[in-house]
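As structure tokens, the structure follows; a few thoughts come after it.
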Amino acid sequence: MVVTDFEQVTPEWLTGVLRRDGVVAQGAVASVEMKTQKTNTAEVAHLRLTWAEGTPSHAPRALFLKLAEARREVDFYREVVPAMQSTPLILDCYDAEYDEQTGAAHLLLEDVTATHMPSDMTLPPSTPRYELLTNALAQFHATWWDHPRLSGDLGALAGDVHEMTIRRAREGLPGFMDFMGDRMSDERRAVFERVFALWPPRPFRERMANGKGLTIIHGDAHAWNFLYPRDPETHRVRILDWALWQVGRATNDLAYLIAMHDFPDYRARMERPLVRHYYDRLVGLGVEGYSWDDCWLDYRLSAIHNLFFPVYHWVVKGDPALWWPNLERAMLAYHDLRCEDLLDE
């Protein structure tokens with residue numbers, strides 16, 4: 001059953017799910033309290049469970065329920081996570097269901113509010129926190145680096161989100177330019193037109209053609225899709241919201257995290273050292289045949305790719321409060337990283 005209304009979340013339903021998955025072998029949920037809210041893409045609820053007497057003490061007391069059109073995220077928890085030997089970066093998923101006819105889906109996940117906290121959506125992470133995030137990305141990317149299943153079943157399941165984003169942004173660019181009016185200079189219009197006409201540049205084409213250096217990426221790796229441990233000595237970063245997972249260049253996640261979301265003064269001081277920190281962690285986790293020069297080149301290519309996102313988000317009627325500052329930061333990073341030098345006629 002796909003949950004489409006929070007009224008369906010009864011003690012009986014929760015008991016059935018948690019027993020079916022072996023979370024508890026005996027006992028029952030006696031009552032459930034919910035705190036619901038809407039996000040940009042889903043309806044979510046924090047659940048507080050009270051268990052009947054006789055239930056084992058390890059039974060979860062808090063769960064997180066997400067209702068959305070989230071087929072990709074259901075696929076992630078059903079197919080990608082079970083294939084990983086260890087998943088300390090990912091929330092435990094107790095139930096993931098999708099309705100082919102309606103597109104509705106739900107995910108029942110562990111709630112780690114007691115041990116973790118979200119990022120501030122209005123401020124960038126400090127550099128030490130950024131290092132925690134890039135460590136987490138490196139560990140996940142290393143797990144899937146050049147994995148044979150990327151060119152097999154998981155690659156087929158992932159599809160090509162990248163190409164869909166590029167296509168819809170290209171189709172929407174004329175309308176976006178009209179919408180922007182005098183809010184965009186002629187110089188910036190020329191950058192958009194050149195990037196959209198010449199993407200992908202030769203280095204990107206070559207690196208994708210050889211099929212090496214690919215991994216599963218998050219696809220929406222902004223800082224508030226991570227949860228920080230309240231005590232880093234005891235717990236690890238958790239990565240949320242896998243609705244846009246895909247096969248691609250690992251630096252797409254890095255450039256989206258840093259170049260898309262940080263202004264020049266801070267980025268100028270921490271960007272290259274942070275990417276190097278990520279690279280060293282990646283190599284330390286066993287990734288071979290990938291040089292630092294390759295990584296930095298890929299990061300710059302991914303910074304070019306960032307320019308497609310503000311247009312895409314306008315096309316899909318995203319909130320300007322998100323895509324407008326992203327446009328500004330992505331354009332500034334494009335110039336600071338001399339990305340123009342990577343485009344070829």
(message) Exactly one of N225, D220, T251 should register a side-chain contact (heavy atoms from CB on, under 4.5 Å) with Y256. Which one does?
(response) D220
(message) For the backbone of D336 and the side chain of R338, can you confirm whether one donor and one acceptor N or O come within less than 3.5 Å of each other?
(response) no
(request) Taking the side chain as every heavy atom from C-beta outward, state whether N306 and F309 have any pair of such atoms under 4.5 Å apart. (result) yes
(request) Return the set of residues passing ring-ring contact (aromatic ring centres under 6.0 Å, His included) with W324 (not counting sequence neighbours), or none when no residue passes. (result) none
(message) Any heavy-atom pair between the side chains of H141 and L282 that's under 4.5 Å?
(response) yes
(request) Evaluate the ring planes of W314 and F176, with Trp represented by its six-membered ring, and classify them as parallel (under 30°), tilted (30 to 60°) or perpendicular (over 60°). (result) perpendicular
(message) Using side-chain heavy atoms (C-beta onward) and a distance below 4.5 Å, is W144 in contact with M84?
(response) yes
(request) Only one of D280, V275, V283 passes side-chain contact (heavy atoms from CB on, under 4.5 Å) with W292; say which it is. (result) V275
(message) If we ignore hydrogens and angles and just use 3.5 Å, is the side chain of E100 paired with the main-chain N or O of Y98 as donor and acceptor?
(response) no
(request) Mind telling me whether W245 and F76 have parallel, tilted or perpendicular rings, with 30° and 60° as the class edges? (result) tilted
(request) Taking the side chain as every heavy atom from C-beta outward, state whether F263 and R329 have any pair of such atoms under 4.5 Å apart. (result) yes
(message) Does any part of the side chain of N135, heavy atoms only, come nearer than 4.5 Å to the side chain of H277, both counted from C-beta?
(response) yes
(request) Please list all pairs passing the side chain to side chain donor-acceptor pair (under 3.5 Å) test where one or both residues lie in residues 16-26, with sequence neighbours left out. (result) R20-D95
(message) Through direct or indirect side-chain contacts below 4.5 angstrom among Ile, Leu, Val, Met, Phe, Trp and Tyr, which residues connect to M34?
(response) M1, V3, F6, V9, W13, L14, V17, L18, V23, V24, V29, V32, L47, L49, W51, L63, L65, L67, Y94, L108
(request) Measure the shortest side-chain to side-chain distance between H305 and I166 over non-hydrogen atoms and say whether it is less than 4.5 angstrom. (result) yes
